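Worksheet for the structure shown next.
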Amino acid sequence: MNLIITIDGPAASGKGTLARLLSESLNLLWIDTGLFYRAVALEILSQQLDPSPKNAAHIASQITAPVIPSSQLRETEVSKIASCIATFPELRSALLPIQQYLANNPPQPYKGAVLDGRDTGSVVCPHAHAKFYLNASIEERAKRRALEQNTPETQSQEHVKKDLQQRDLQDSQRSHAPLVIPQNATVIDSSALSPEKTLEICLETLVRMGIMPS
Ligand code: C5P
C-alpha cells in the first residue's frame, strides 16, 4: 500500500516539522507543497519576470521533483510573491499533476508520502488515508517564525505577526483552493504542544484509524 498522509494549516503552525517527523518515523517521502510556490516565486524574482499567471505556470511546468529546501526560498520577498501567485488558478493547475504524481509514485525505498501545505487534503490528495489540520494561536506562530528567522525582538515579532495575518487572509480568502479544514481531517491545536507530542498524537490517531498497528 502507498500510504498518503496530508497536513494542512496556516503559516508557522508546525506543519513542516510534523511532516518531517512523520516522514522519518514512517519512511514516507516528504512533499512540502509550499516549496513549489516558493521555487516559482524565486525564479520570477531572479529572472526579473512579470509575476503573471502565464509566467508562473510556465516555470511550474518545468518542475519534476520535490523542491530542495534552501534559506533563499524562505526569504520574506519570496514568501510575499509565493502567497500572491498562489492565487492564480493557472499556477495551481500546473502544479497539481506534479504533486499528485509524486504522492502516488514515491521512489524506493519510501512506503508512501506525507504532504504539507494549504490544499493537500482538500485538492491534491482528497483520498488520502489520513488527513491532519494543524493550527496554533497567532501569538505562538509569530513567536516560532520570529525565532526561526532569528528576530526575537518584540518589535520584530509584531512585524512577523502582521505578516502572518496578511498571508492567512490571502490564503483563506482566495477563490481557488483556499485554506480550509479538509473533510474528515483530524484537527490539532499545536499552540501548547512540543513537536514530539504532536507526532505522538498523530501516530495514536493512525493506530486508532487502523492505518498503523498498535
Ligand atoms: O507553506 P509555505 O509558507 O512555505 O507556503 C508558501 C505560500 O505558498 C503560502 O503562503 C501559500 O500562499 C502558498 N501555498 C498554497 N498551497 C499550498 C502550499 C502553499 O497556496 N498547498
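Atoms within a ligand are numbered from 1 in the order they appear, just like the ligands themselves. In this text the structure is predicted, and so the values were computed from the model without any measurement.
Remark: the backbone N or O of Ala136 is paired with a side-chain donor or acceptor of Arg141 at under 3.5 angstrom. Under a 3.5 Å cut-off, the side chain of Lys131 and the backbone N or O of Thr6 do not form any donor-acceptor pair. With hydrogens and angles ignored, the 3.5 Å screen pairs no side-chain donor or acceptor of Arg167 with any backbone N or O of Gln170. The closest donor-acceptor contact from the side chain of Arg38 to the backbone of Leu73 lies under 3.5 Å.
Here atom 16 (N) of ligand 1 lies nearest to Arg92 when heavy atoms of Arg92, Arg74, Arg167 are compared. The residue from Gly34, Pro10, Ser13, Ala12 that puts a heavy atom closest to atom 5 (O) of ligand 1 is Gly34. Comparing heavy-atom distances from atom 13 (C) of ligand 1 across Ala86, Ala41, Gly9 singles out Ala86 as nearest. Comparing Lys80, Arg118, His176, Gln170 against atom 1 (O) of ligand 1, the shortest heavy-atom distance belongs to Arg118.
Considering backbone and side-chain atoms together, Asp32 places no N or O closer than 3.5 Å to any N or O of ligand 1. Taking distance alone, with nitrogen or oxygen atoms compared against 3.5 Å, Tyr37 stays at or beyond that limit from ligand 1. Taking any N or O of Arg174, backbone or side chain, at least one lies under 3.5 Å from an N or O belonging to ligand 1.
Of all atoms in ligand 1, listed by their number and element, those nearer than 4.0 Å to a heavy atom of Gly117 are 18 (C), 21 (N). Proximity to Asp171 (heavy-atom distance under 4.0 Å) selects the following atoms of ligand 1: 9 (C), 10 (O), 11 (C), 12 (O). Close contacts of ligand 1 with Thr33, meaning ligand atoms under 4.0 Å from a residue heavy atom, involve 17 (C), 18 (C), 21 (N).
Counting heavy atoms closer than 4.0 Å to ligand 1, residue Asp119 contributes atoms from both its backbone and its side chain. Under 4.0 Å from ligand 1, heavy atoms of Ser83 appear from its side chain as well as its backbone.
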Exercise for the section: Output, in order, the C-alpha distance, side-chain angles, deciding distance and verdict of side-chain hydrogen bond (donor to acceptor under 3.5 Å, both in side chains) for Tyr37 and Arg118. Expected result: CA-CA 11 Å; Tyr37 295 89; Arg118 307 291 190 289; over 6 Å; no

Problem - Thr120/Asp8 under side-chain hydrogen bond (donor to acceptor under 3.5 Å, both in side chains): CA gap, chis, key distance, verdict - result: CA-CA 6 Å; Thr120 64; Asp8 291 297; 3.0 Å; yes

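Closest to atom 4 (O) of ligand 1 among all protein heavy atoms lies Arg38 NE, 2.6 Å.
Between Arg144 and Glu140 there is a salt bridge, with a side-chain nitrogen of the basic residue lying less than 4.0 Å from a carboxylate oxygen of the acidic one.
Heavy-atom neighbours of Gln72 CD from other residues, nucleotides or ligands within 6.0 Å: at or below the threshold of 12.
Atoms CG and CD1, from Leu28 and Ile4 in turn, are 10.0 Å apart once rounded to the nearest 0.5 Å.
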